[in-house]
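First comes the structure, then the notes that go with it.
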Protein chains: 2
Amino acid sequence: MTRYSGQSRMLVAVDCIIFGFDGEELKLLLIKRGFEPQKNKWSLMGGFVQADESFEAAAARILNKLTGLEGVYMEQLFAFGEPARDPVERTVSITYFALIDINQYKLQINDEYHAEWISLDKLPDLIFDHTEMVKMAQEKLRYKAAIHPILFELLPLKFTIPQLQLLYEAVYDVTFDKRNFSRKVLSTGLLIKQKDKDRLSSKRGAFYFKLDKRKYNAKFNAFLNFVTDPGNLR
Amino acid sequence: MTRYSGQSRMLVAVDCIIFGFDGEELKLLLIKRGFEPQKNKWSLMGGFVQADESFEAAAARILNKLTGLEGVYMEQLFAFGEPARDPVERTVSITYFALIDINQYKLQINDEYHAEWISLDKLPDLIFDHTEMVKMAQEKLRYKAAIHPILFELLPLKFTIPQLQLLYEAVYDVTFDKRNFSRKVLSTGLLIKQKDKDRLSSKRGAFYFKLDKRKYNAKFNAFLNFVTDPGNLR
DNA sequence: CCAAAAGTGTTGTTTGTACACCCATGT
DNA sequence: ACATGGGTGTACAAACAACACTTTTGG
């Protein structure tokens, strides 16, 4: 037996929802689509999965082509497959969302794709079902970040607690009491205080912290006790 | 433009991880694969996505073909796409997990597929990457059920609190204190006490409860402790 | 010396956990 | 009358939320 007979085959694409945080707002890295249909419309960065390529490899390749980055946090979001989602021909899209430190990719915008960081509050219309993808990614980010310490992926290696708080406030569009916030974050034991301070955003300066990678990996599934015990209903 | 050129097209399948609960154990509905390769090996129920069919429609069709049921709780789990996951030719699998009331499909096992309910503790080897799919589904079920009241989908319309507790204990493989469990469950306000009792499993009999559908829907996405959502009913 | 952001402590409230007894009924 | 599972109450511990003042330093 060499093939399954009588079945239709489809194109499979990967699209990347790429988040960044500039210290004030959550942003998405979008491109201007380079080919028809919908050429020059805003779009997620994407590409077709090659014959011999896994989804993860395709997603990493596509992200790397745009940003030059490797080892970025990525996670499969959802498979979109409405028959008519791409008007040209049936194309399935496996979406991945990525969290990157915006400082690692800020200026060297790849001219080939006319990429830009665009605030989530001011999203333009996107092609096809990409707006839906973004919306789902944002929901998943909120959902997941409430339980797992993934937002650190959006920050530089060294960051301050006020920066971290601004990030959480941007993600959830709320404000937190700084005393409670810092106590809660420090109580996880995931942060290692540095000797130096960030002196840019205040006169007094705020101490830098680094993630404790070991505890990060160990605690990934039990961060802020947002899921307490498995028997926790409600 | 009628097609994208120079790209490879792939088969797209849907595989269903179907959970049921018999009052004691969590079970999966598995079939014996009816065609080569791996004919007669244990497998998830699956099928190819048709040219004109969405993933959800395909999943519902496949589940219905096996069980005859409609309106079942289903949720996309993950897209599996390793290039060699199916040795015949490249096939992408979009997996769905389903939660069904086992009593609605207990005896009328569809002979065509040689389906059986098999305890998760005694899983046989499955074809291809289906074991990995099951493992991921079980993790997701635990994860999600800790936050959302989805396990009710595994119970009949009327159920008792001891039954519900047995279900949670089976899902998480732990035991709970019945006093704390019942207080916690009742405090959600999701349960409506019925006038009649289940008299099968004890002499005294246990009151039946029904889900309050309205609150269920309202609360489904209101998750916990982080952003104290004003709309979050307690 | 003062504006602006960092940092820290206490208290009351809520939620969670551990634990023991009485109840209703079929046999 | 007793064995079996159903149902409830209480007390202690942990987590959370609300809230105000002092510190540092660049201008």
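These numbers were taken from a predicted model, which means no experiment stands behind them. A note on names: the letters A, B, ... follow the listed sequences, proteins ahead of strands, and every chain is numbered from 1.
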By the 4.0 Å heavy-atom rule, please label B:Ser201 as base, sugar-phosphate, or nothing. sugar-phosphate
Here the distance between atom P of C:dG16 and atom CZ of B:Phe181, to the nearest Å, is 14 Å
note: B:Asp198, atom CG; D:dT4, atom P; distance rounded to Å ~ 18 Å
Between CG of A:Leu200 and P of D:dT25 the distance, given in whole Å, is 15 Å
CG (A:Asp15) and CD1 (A:Ile62) are apart, to the nearest 0.5 Å, by 7.5 Å
Rounded to whole Å, the CZ-C1' distance (B:Phe159 to D:dG6) equals 16 Å
Here the gap from A:Phe78 atom CZ to A:Met133 atom CE, rounded to the nearest 0.5 Å, amounts to 10.0 Å
If only atom types and distance count, is the side chain of B:Arg33 paired as donor or acceptor with the main-chain N or O of B:Ile127 below 3.5 Å? no
Quiz prompt | Carboxylate-amine/guanidinium proximity below 4.0 Å for B:Asp22 and B:Lys27 | solution = yes
Would you kindly say whether B:Asn64 and B:Thr67 are connected by a side-chain donor-acceptor distance under 3.5 Å? no
In whole angstroms, the gap separating P of C:dA6 from OH of A:Tyr208 amounts to 12 Å
field: Electrostatic pair A:Lys144:A:Glu75 at N-O distance under 4.0 angstrom
entry: yes
Double-helix bend of the helix from C:dC1-D:dG27 to C:dT27-D:dA1, axes at both ends from 5 pairs, round to 10°, gives 10°
Here the distance between atom C1' of C:dA6 and atom CD of A:Gln163, to the nearest Å, is 13 Å
A:Phe176 atom CZ is separated from D:dA17 atom C1', nearest whole Å, by 13 Å
Margin query: With a 3.5 Å distance limit and no angle check, can you tell me whether B:Tyr172 reaches the backbone of B:Ala146 through a side-chain donor-acceptor pair?
Written below: yes
Contact string for nucleotides 19-27 of chain C, one letter per nucleotide 5' to 3', B = base within protein heavy-atom range under 4.0 Å, S = sugar-phosphate only, - = neither, reads BB--BBBS-
For the residue pair B:Phe152 and B:Leu164, establish whether any side-chain heavy-atom pair is separated by less than 4.5 Å.
yes
Atom CG of A:Leu186 and atom C1' of C:dG7 are separated, to the nearest Å, by 11 Å
With a 4.0 Å cut-off, would you call A:Arg179 and A:Asp177 a salt bridge? yes
